[in-house]
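Please read the structure below before turning to the comments.
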Number of protein chains: 2
Amino acid sequence: MNIYDISKRAGVSIATVSRVLNDSPHVSPATRQRVMAVINDSGYVPNAFARGLGLNTMKTIGLLCPDASDTYQSQALAYLENAFRSRNYDCVLSCTGKTLEARTTGVEQLKSRHVDGMVLMGSSFIENNDKDNDYIRQAAKSVPLILLNGSFACERVYCVLCDDQRATMEAAQHLLDTGCKRILYLYHSKNYSGRKKLAGYRAALKNRGVELDDELLCYFDQDKMSVLDVRDHLLEMEKKGVSFDAVLASEDSLAIGAMKYARAAGKRIPEDMSVVGYNNSSFCLFTEPELTSVDNKLKAICDHIVETMMGVLEGKEMPQKTVFTGEVVLRQSTRK
Amino acid sequence: MNIYDISKRAGVSIATVSRVLNDSPHVSPATRQRVMAVINDSGYVPNAFARGLGLNTMKTIGLLCPDASDTYQSQALAYLENAFRSRNYDCVLSCTGKTLEARTTGVEQLKSRHVDGMVLMGSSFIENNDKDNDYIRQAAKSVPLILLNGSFACERVYCVLCDDQRATMEAAQHLLDTGCKRILYLYHSKNYSGRKKLAGYRAALKNRGVELDDELLCYFDQDKMSVLDVRDHLLEMEKKGVSFDAVLASEDSLAIGAMKYARAAGKRIPEDMSVVGYNNSSFCLFTEPELTSVDNKLKAICDHIVETMMGVLEGKEMPQKTVFTGEVVLRQSTRK
DNA sequence: GGAAATGATGTAATCATTTACACGCTTGTG
DNA sequence: CACAAGCGTGTAAATGATTACATCATTTCC
């Protein structure tokens, strides 16, 4: 069942059927109705590949993320998918994992699929060694790219992000301003956004005249950052004699690990120790006490990404970089 | 840059280029090498739409889920996407929400995209009123469908699921066998899987000779089931004089709501009240005490879905329904 | 040495659309 | 009344691959 069958049944040419299908104004109402009737009762569905060939697009956006099961990324996926869908674009998912090689092939695959645009989630797509970013420059030549929470200057690459440095700084300052003296900083990423957050932590100390103690910087490897890993690591630190009265984490799950530690070590939150997370995930409400966390405006970022993509695809001039301001959401794990 | 350009540059016909691209054995090594060289230094990428038109497939699977931000569904998405990708299939995502209409159009859209197969996540895709399932029967005519945790008898519809009834029964029996007398049952779904779980709860009571008290069946509406909603609802029940010494939930987040309630009501877990969740989500470890939960073998289910899909696409005969057995993972929220 | 088999390559049909262009008919205008 | 404009429609040329079939050269076998 193809457009030719329909045209025969309706007694018109295939061009006319095509016009009806594409809502062209150059069809008389009577003809349109007749063709529509035939289409409806034949159950005909236009062939998407032929259409794609003719129009050179199948209205598809590629969504790349390291791990779709991660709370933050899956939230972003949901936002993006919905917004793109409402604009009649479908999304192809590519969960590439963390290795450079996998990301590169992920991007290549989507390119060979002729997607109209790509969204790269998380600054881990940008390598610290600039030479490794060639795959992005390469891809950007044939397709517009938007980075979620990443920063990269290149033609046809757009960036939408949260000012993680400022948000982290405010979180740390809030801890200092509520009487905390020694803030343990838990982080898990050394890429763009990870560096910005760390810089925010440092800036806060500087602003409040507190000296940085390197002992308080606590890095966790991607595959060694479960709540239990964190708990155990902090217990270890305590044993070693490192003292702290607050924890600031670059991600909520790390903060929850810190809360686990507090329970194990018999410390009360926030009386003996304050805790602040990052991302303001849904499970900030799961814990007891509820977790103070940084809302980094994911919804707004996603909405703006979709806007930007649509603009670019329509050939409009769009801002290369848009920055949103995060916000510390105060809950029970920090003092007043 | 198309196949014709390549053929000219390499001094061969387009058929030969196509053969090289498709790893056909009917090409001499010398020619293959020459063509590959041209392809590599021209940066040529075959046009996916033309290819799709010729082969009548773009190796794409449609993944439908109500909400990609849900922990369970995003976990499934990640498993499925990875397994399909490793078999050279891309996944198109469609988060349809909960209304029948949205699901119907979601399925239609993917059908019109000519996906090779579709995976429908969650039994909420199956309506209790059978007439509303016509959209599934319709879609199954043109594309193989696999239901994750759903059950539906229809040609070209395959089902892969966990025996939720049995798993729930075992969870409830464990509660009864460890001294609990009155188990509050929290649930949020009345579709297939929801009914099975409830039946499991009932069966457990029957097996242990405990009479069912309807007061202990506690339903939560989809948009009124946050941890705080649950906590408040249980506080309310306590005020009304409903007594219980255990909570069995049809989903982990409901169980966490019950733990919130325990904290608010000053009850100790598991001494005063046991709690069991369902899905064995990653955040079962986040809570204090850690949450006993039912592992419903999502990974195995997803792997089997992908196997089944591949078999079907290769024209093999595949089992219509495969059932896995869940397992109660004992942690600290239940007694020994 | 000639028939047959094999192997590499090219020719051209096919896939199902979109769309530029052409054509004829009606209507409006000077 | 002639001519232009516009509208509805059809014809046919793209779009860029795959692949059945034909062709030609080479080897194999009797």
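Just so it is clear, the model here is predicted, and its values are computed rather than measured. Chain letters run A, B, ... following the sequence lines, proteins first and then strands; every chain starts at 1.
- With axes fitted over five pairs at each extremity, the angle between the ends of the helix from C:dG1-D:dC30 to C:dG30-D:dC1 is 40° (10° resolution).
- Residues in residues 35-47 of chain B take part in no side chain to side chain donor-acceptor pair (under 3.5 Å) pair, two or more places apart or across chains.
- Counting heavy atoms from C-beta on, the side chains of A:Leu63 and A:Leu110 never come closer than 4.5 Å.
- Distance CZ (B:Arg34) to P (C:dT9): 7 Å, rounded to an integer number of Å.
- Residues passing the side chain to side chain contact (heavy atoms under 4.5 Å, CB included) test with B:Asn149, sequence neighbours excluded: B:Tyr72, B:Leu161, B:Cys162, B:Asn296, B:Ile301.
- The salt bridge (Lys or Arg N to Asp or Glu O under 4.0 Å) analysis of residues 52-80 of chain A, with sequence neighbours excluded, yields no pairs.
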(request) Spell out protein contact along nucleotides 11-21 of chain C as letters: B when the base is contacted, S when just the sugar-phosphate is, - when no protein heavy atom is under 4.0 Å; keep the 5' to 3' order. (result) B---BBBBBB-
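- Listed by first and then second residue, the salt bridge (Lys or Arg N to Asp or Glu O under 4.0 Å) pairs that reach into residues 10-25 of chain A come to none, sequence neighbours excluded.
- One atom, NZ of B:Lys8, and another, P of D:dG16, lie 13 Å apart when rounded to the nearest Å.
- Distance A:His26 NE2 to D:dC7 P: 8 Å, rounded to the nearest Å.
- Qualifying side chain to side chain donor-acceptor pair (under 3.5 Å) partners for B:Ser24, counting only residues two or more places apart in sequence or in other chains: none.
- In terms of the side chain to side chain contact (heavy atoms under 4.5 Å, CB included) criterion, residue partners of B:Pro144 (sequence neighbours excluded) are, by chain and number, B:Arg156, B:Met309, B:Val312, B:Leu313.
- Identified under the salt bridge (Lys or Arg N to Asp or Glu O under 4.0 Å) test for residues 87-107 of chain B, with sequence neighbours left out: A:Arg113-B:Asp90, B:Arg85-B:Asp90, B:Arg87-B:Glu307, B:Arg103-B:Glu127.
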